[in-house]
2 protein chains.
Amino acid sequence: MTQPEARQTHTAPAEAHDVPADARALIAARGGRVTRTRVAVLEILQASDRPMSHDELGAELAAADIAHDRVTLYRALDWLVEQALARRIAGSGSDRAWRFELLRADGHRHAHFHCDCCGQVICLEGLEPAVAVALPAGFQLERAELVIHGACPDCGVQRAGPAARRRR
Amino acid sequence: MTQPEARQTHTAPAEAHDVPADARALIAARGGRVTRTRVAVLEILQASDRPMSHDELGAELAAADIAHDRVTLYRALDWLVEQALARRIAGSGSDRAWRFELLRADGHRHAHFHCDCCGQVICLEGLEPAVAVALPAGFQLERAELVIHGACPDCGVQRAGPAARRRR
DNA sequence: GCGATATTGCAACATTGTAGCATTTGCATC
DNA sequence: GATGCAAATGCTACAATGTTGCAATATCGC
């Protein structure tokens, strides 16, 4: 998994009040048990500005020296989604893994940018899928997912030829 | 696999002009060998009005009594995509399989509707993702994928309670 | 019909996710 | 601080979806 390990993430104790709310409190408030993995996962997501995959989360946990099991991680994420603390977005591109991002209280929705080059997914804050579209009769709209594909700033510059764009 | 040559597979002369172009000709024109699986896959896609997954294609092939291998099917589809005869769209929802649809010569793009109930994907012809959006500096747009989630006409009516909407 | 080589078909493996179940842990209570 | 019990964990297995390598086969130009 081409992942340059450890991105900006990590919440140093000093900046604990930067995050929306205390992870432990959020978990406890929902009647869930405050466990190692849940707290860590929630904190990592709070510190991240883009959706993360199981794999990336796992790497972060490992980097932080937090013992965890693959299945437990899946279950912790499932729980967060179930409790409406996070939301699951479909992997776009050839990367068929789920990604997770914190759900904002304001129900804010935004589009995502998928870099076909490095596979990274980035939130496009200012871009709300304006789908007041007229669906054919009978279809019930629940939500719209908009994914923009292309090259991110990092990849855009070093992109040499079309061969570099093999699907990923 | 005793194949009585000149198998005249489908393509009943009468409906030959229904399909965009003869599958065999399309394949040959691109320098590819005209093989059982490629022709059949292309014809099935031509006859379908919605993107199909490997699985669905495989079922169609089986139904038409066309011997095929799982890997061969994958490769035939890869080839079609490579030759710009088809395009691959990411499975949305929890269904992480690719789906394929014929690429129209006019480069027409449209959005897709994913039924969260039955998992079916349908083309929304009249709906082109209007993403003349202003991407942040540095991002290069290549294409936009718009997926509308909800319930299709078939599922919409019989949808009883919220329990029926478990992710799928 | 023949030969070169593009495709196939098979088996093995990779990735991502789930299910079942015994063991451990968090936490309310004593 | 000790205790009990359900909630979580951490295994191991398994399922779904793809991919890779390679020998056997079928296409197609001659």
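Order of the sequence lines fixes the chain letters, A, B, ..., with proteins taken first and strands second; residue numbering starts at 1 for each chain.
Checked by distance alone, A/R70 brings no side-chain donor or acceptor within 3.5 Å of a matching partner on the base of D/dG10.
The separation between B/L73 atom CG and D/dT17 atom C1' is 12 Å, rounded to whole Å. Taking atom CG of A/D78 as the reference point, atom C1' of D/dA7 lies 15 Å away to the nearest angstrom. Rounded to whole angstrom, the span from the CG atom of A/L77 across to the P atom of C/dT18 amounts to 11 Å. The distance between atom CH2 of A/W98 and atom C1' of C/dT15, rounded to the nearest whole Å, is 16 Å. The nearest whole Å value for the distance from the CD1 atom in B/I27 to the C1' atom in C/dT7 is 12 Å. Across the protein-nucleic acid pair, B/R88 atom CZ and D/dT17 atom P stand 15 Å apart, rounded to whole Å. One interatomic measurement links the two molecules: CD of A/E82 to P of D/dA7, which rounds to 13 Å at whole-angstrom precision. Across the protein-nucleic acid pair, A/F100 atom CZ and C/dG17 atom C1' stand 10 Å apart, rounded to whole Å.
The pair B/R50-B/E56 counts as a salt bridge, with a side-chain nitrogen and a carboxylate oxygen less than 4.0 angstrom apart.
Within the 4.0 angstrom heavy-atom criterion, only backbone atoms of the sugar-phosphate kind lie near B/R38; the bases stay farther away.
The side chain of A/R33 lies closest to D/dA6 when the candidates are C/dA6, C/dT8, D/dA6. Candidate nucleotides C/dT7, C/dT18, D/dC11 were compared by shortest atom distance to the side chain of A/D69, and D/dC11 ranks first.
Here the CG-CH2 distance, from B/L42 to B/W79, works out to 8.0 Å after rounding to the nearest 0.5 Å. Distance check: A/R36 CZ to A/T72 OG1 gives 8.0 Å after rounding to the nearest 0.5 Å.
Between the B/R38 side chain and the B/R33 main chain, a donor and an acceptor come within less than 3.5 Å of each other.
Contacts between residues 49-57 of chain B and DNA chain D, defined by a heavy-atom separation below 4.0 Å, involve B/H54, listed by number.
Regarding contacts with the backbone of C/dG9, a side-chain N or O of B/T72 is found under 4.0 angstrom from either OP1 or OP2. At least one side-chain nitrogen or oxygen of A/R36 sits closer than 4.0 Å to the OP1 or OP2 atom of D/dG10. For B/R75, no side-chain nitrogen or oxygen approaches OP1 or OP2 of D/dG21 to under 4.0 Å. Remark: A/T37 is not in phosphate contact with D/dA8, judged by side-chain N or O atoms under 4.0 Å from OP1 or OP2.
Between A/E43 and A/V41, every side-chain heavy-atom pair lies at or beyond the 4.5 Å cut-off. B/V81 is listed as a side-chain neighbour of B/F100, based on a closest heavy-atom distance under 4.5 Å.
Under the ring-ring contact (aromatic ring centres under 6.0 Å, His included) criterion, the residue pairs touching residues 55-76 of chain A are A/H54-A/Y74, with sequence neighbours excluded.
A pairwise comparison of heavy atoms in A/R30 and A/Q83 identifies NE-O, 3.2 Å as the closest pair. In terms of heavy atoms, A/C155 sits closest to A/C115 at SG-SG, 3.6 Å.
No side-chain N or O of A/H114 forms a donor-acceptor pair with one of B/E145 less than 3.5 Å apart.
The residue among B/T35 and B/V71 whose nearest nucleotide of DNA chain C is located toward the 5' end is B/T35.
Rounded to 10 degrees, the angle separating the terminal helix axes of the helix from C/dG1-D/dC30 to C/dC30-D/dG1, each built from five base pairs, is 30°.
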